[in-house]
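Only one structure is covered here, and it is reproduced in the block below.
Note on naming: letters A, B, ... go to the chains in the order of the sequence lines (proteins, then strands), and numbering restarts at 1 for each one.
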Amino acid sequence: MIEVAALTKRYGPTTAVDGLTFTARAGAVTGFLGPNGAGKSTTMRVVVGLERPTSGTATVDGRRYADLPAPLRTVGVMLDARSVHPGRTAFRHLTALARTHGIGRARVDEVIGMTGLESVAGRRAGTFSLGMGQRLGIAAALLGDPGTLVLDEPVNGLDPDGVLWVRRLVRDLAAEGRAVLLSSHLMHELALCADRVVVIGRGRLLADAPVAELAADGSLEDAYLRLTAGAVEYQGRAVGEAGTTAVGGAR
Amino acid sequence: MGGVPATATARRARPARDPRPRGVTLGRVVASEADKLTSLRSTGWLALATVAAAAATAWGLGMFARPEPGASGAPIAVAGAVLSQLGFLVLGARTGADEYRSGTARSTFAAVPRRLPVLAGQALVTAAAALVVAVIALGAAVAATAGLRAAAGLALDVTDPETARLLAGFVLHQTGVALVGLGLGALVRRPDAALVAGVLALVVLDHLLATNPGRVADTARALLPGAGARVLLDDGRLDALAAGSLGPHPGPWSGYLVLAAWAAALLAAAAYRLRRGDVT
């Protein structure tokens with residue numbers, strides 16, 4: 001279970017996360033939503049101890065991530081598919097990670113099998129497509145058989161088959177009693193696999209509710225667009241619309 | 001990609017009493033770092049190039065050496081250090097900085113959130129790898145200069161203290177340079193910047209200061225990490241250096257201590273940044 005309480009993260013004058021509080025419960029998939037630059041990835045990086053919070057706390061199973069004796073066995077993390085040295089093979093990348101926790105070769109082979117990477121495990125990660133990189137990231141997250149998973153855009157770049165697989169995977173993980181925090185921009189996908197969604201914009205909490213409740217009058221996408229209307233950081237314009245001021249996007 | 005297994009992991013039954021700890025230990029982090037270093041094909045190429053540079057430079061410079069017959073052949077054997085030290089600098093800088101450039105740092109520090117064991121592991125593994133490569137490079141240089149030594153009538157007697165110091169000094173200097181590279185790489189987190197800084201500190205600054213000798217410049221030269229190379233200069237060369245310098249005259253071992261202090265200070269600064277800052 002992940003508990004984020006009054007979390008604030010500033011980089012100099014910029015506030016990336018602003019007093020954010022939410023919980024990702026065990027046995028459920030918590031969708032994490034927000035426009036680009038809303039602070040989702042920053043929040044996830046703070047949860048797994050890569051960044052120090054300016055104030056507030058983030059805990060997993062009641063402990064600060066850095067205080068976990070066996071982090072990989074408690075939390076599986078996939079933050080960015082490009083978290084692998086391009087010159088290292090998928091197998092050796094996973095082995096090196098597994099060694100930090102004394103996880104054996106058998107489990108490395110197991111997660112390679114689970115993510116469908118058998119045929120490319122001996123290839124250097126630099127030759128991987130985005131989708132294969134995502135699978136490798138998910139394999140790394142599953143290494144320690146953790147009770148909590150933090151997945152940042154796991155379906156990004158996956159083929160339709162892979163998207164379906166991730167959907168089933170996270171549902172199964174939650175059904176086994178694990179907590180899954182998953183960010184995505186694919187509303188349709190989240191509507192299918194999340195139990196609850198946390199919506200943030202400009203670092204602040206906009207909504208924290210069950211999917212069914214948010215999507216009660218319309219689709220999850222409608223609800224999301226309504227919630228984030230005033231919090232979109234970067235906004236494109238339609239062709240021919242040049243010159244018009246972006247409504248919510250003025251910085 | 002088809003044929004993806006759709007089933008998720010099932011919670012595996014764990015042995016009730018597993019004597020081994022389940023979490024992160026320093027030994028495991030060291031094993032992981034060793035695995036990382038050996039799993040890159042470029043490590044092998046770098047080691048090969050470094051050994052070749054040590055042997056080829058020693059042979060090339062040895063052609064122009066005009067020692068007196070009966071002198072020690074050790075200065076010729078270790079002459080390759082001047083070029084091959086760059087290989088050791090790259091070895092260290094790459095280990096320290098590649099983590100960040102490639103994004104591996106995210107995986108690494110999510111697995112070891114206490115962070116400092118990773119730097120300690122990298123230091124141990126870098127030192128061990130540098131030691132092994134330096135011994136091989138020294139062996140190659142000794143072999144490559146065997147003909148030259150024989151022709152000039154130079155002995156290589158390892159029971160002679162000065163010869164022993166030069167040969168051991170070669171290995172120690174290269175190991176120290178690798179650790180300076182690691183400290184720089186882990187501190188600035190960019191391989192290119194770390195390399196430029198390393199080459200400046202080890203080679204370029206010394207030459208720049210040498211063009212303007214004086215008490216200040218000579219003192220600065222004696223305090224640069226390149227002072228570590230004094231451990232592989234014979235007594236004659238050290239005397240010549242002392243005669244031409246208005247600054248302090250560190251002996252071979254105090255010169256090496258200067259290099260060791262640089263390595264320690266850079267690693268401490270890297271540890272401070274790692275401990276206090278963010279990993280992104």
Side-chain angles (χ1 to χ4, degrees), chain A residues 11 45 48-52 64-73 75 77 79-80 82-89 92-93 95-102 110-111 113-116 119 124 131-132 135 137 140 142 144-145 159 161-162 164-165 168-173 175-178, chain B residues 1-14 18 20-43 45 94-95 98-118 121 275-280:
Chain A
Y11 304 100
R45 285 200 297 267
V48 302
L50 293 177
E51 300 197 11
R52 317 286 195 208
R64 243 167 37 98
Y65 188 88
D67 295 334
L68 296 170
L72 291 188
R73 297 193 195 268
V75 188
V77 188
L79 288 181
D80 188 326
R82 301 275 167 251
S83 298
V84 188
H85 194 293
R88 203 167 277 133
T89 67
R92 295 298 293 268
H93 171 71
T95 312
L97 270 185
R99 275 196 207 287
T100 59
H101 283 59
E110 206 177 344
V111 294
M114 283 163 64
T115 48
S119 60
R124 287 187 284 171
M132 274 146 67
R135 286 168 192 271
L142 295 173
D145 196 15
D159 52 23
D161 198 44
L164 184 68
W165 165 67
R168 285 198 201 141
L169 176 70
V170 297
R171 289 303 331 155
D172 289 348
L173 290 168
E176 288 164 13
R178 301 172 211 247
Chain B
M1 290 188 27
V4 179
T7 46
T9 171
R11 269 207 182 283
R12 291 163 306 146
R14 295 190 185 106
D18 190 339
R20 295 168 308 149
R22 287 166 34 78
V24 180
T25 63
L26 183 61
R28 285 173 175 172
V29 176
V30 172
S32 170
E33 289 303 322
D35 201 43
K36 277 190 198 165
L37 187 68
T38 53
S39 61
L40 290 177
R41 205 182 289 174
S42 49
T43 305
W45 289 114
R94 212 191 49 156
T95 304
D98 263 10
E99 287 272 320
Y100 300 94
R101 188 188 57 173
S102 66
T104 321
R106 282 186 287 268
S107 307
T108 302
F109 293 109
V112 188
R114 285 181 217 279
R115 298 186 188 172
L116 289 189
V118 173
R275 187 81 198 146
R276 295 295 299 268
D278 293 335
V279 175
T280 41

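With hydrogens and angles left out, the side-chain atoms of B:T108 and B:R115 include no donor and acceptor closer than 3.5 Å.
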Review point. Does the side-chain contact (heavy atoms from CB on, under 4.5 Å) test come out yes or no for A:R168 and A:L173, once each step is laid out?
Key: CA-CA 9 Å; A:R168 285 198 201 141; A:L173 290 168; over 6 Å; no
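Counting heavy-atom pairs closer than 4.5 Å to chain A, the top residue among B:R114, B:E99, B:R276 is B:R114. In terms of heavy-atom pairs under 4.5 angstrom with chain A, the leader among B:T104, B:V30, B:T25, B:T38 is B:T104. Interface remark: of the candidates A:A70, A:A66, A:G49, A:A66 forms the most heavy-atom pairs closer than 4.5 Å to chain B. Options A:R171, A:R124, A:R92 differ in how many heavy-atom pairs under 4.5 Å they form with chain B, and the most are formed by A:R92. The choice from A:P71, A:G137, A:S83 that makes the most heavy-atom pairs within less than 4.5 Å of chain B is A:S83. Ranked by heavy-atom pairs under 4.5 Å with chain B, the first of A:V77, A:L72, A:T100, A:V111 is A:T100. Each of B:A31, B:G27, B:A110 has some count of heavy-atom pairs under 4.5 Å with chain A, and the biggest count is that of B:A110.
There is no contact between B:S42 and chain A, counting heavy-atom distances below 4.5 Å. With a 4.5 Å cut-off on non-hydrogen atoms, A:L68 touches chain B through its backbone but not through its side chain.
Closest approach of B:S39 and B:K36 over heavy atoms only: OG-O, 3.0 Å.
Taking a cutoff of 4.0 Å between a charged side-chain nitrogen and a carboxylate oxygen, A:R88 and B:D35 do not qualify as a salt bridge.
Side-chain atoms of A:R99 never come within 3.5 Å of backbone atoms of B:R28 as a donor-acceptor pair (strictly under, hydrogens ignored).
Checked against side-chain contact (heavy atoms from CB on, under 4.5 Å), A:L50 has the following partners two or more places apart in sequence or in another chain: A:R45, A:V48, A:L79, B:R106, B:F109, B:V279.
For A:R52, the CZ atom sits in a packed shell: over 12 heavy atoms of surrounding residues, nucleotides or ligands are nearer than 6.0 Å.
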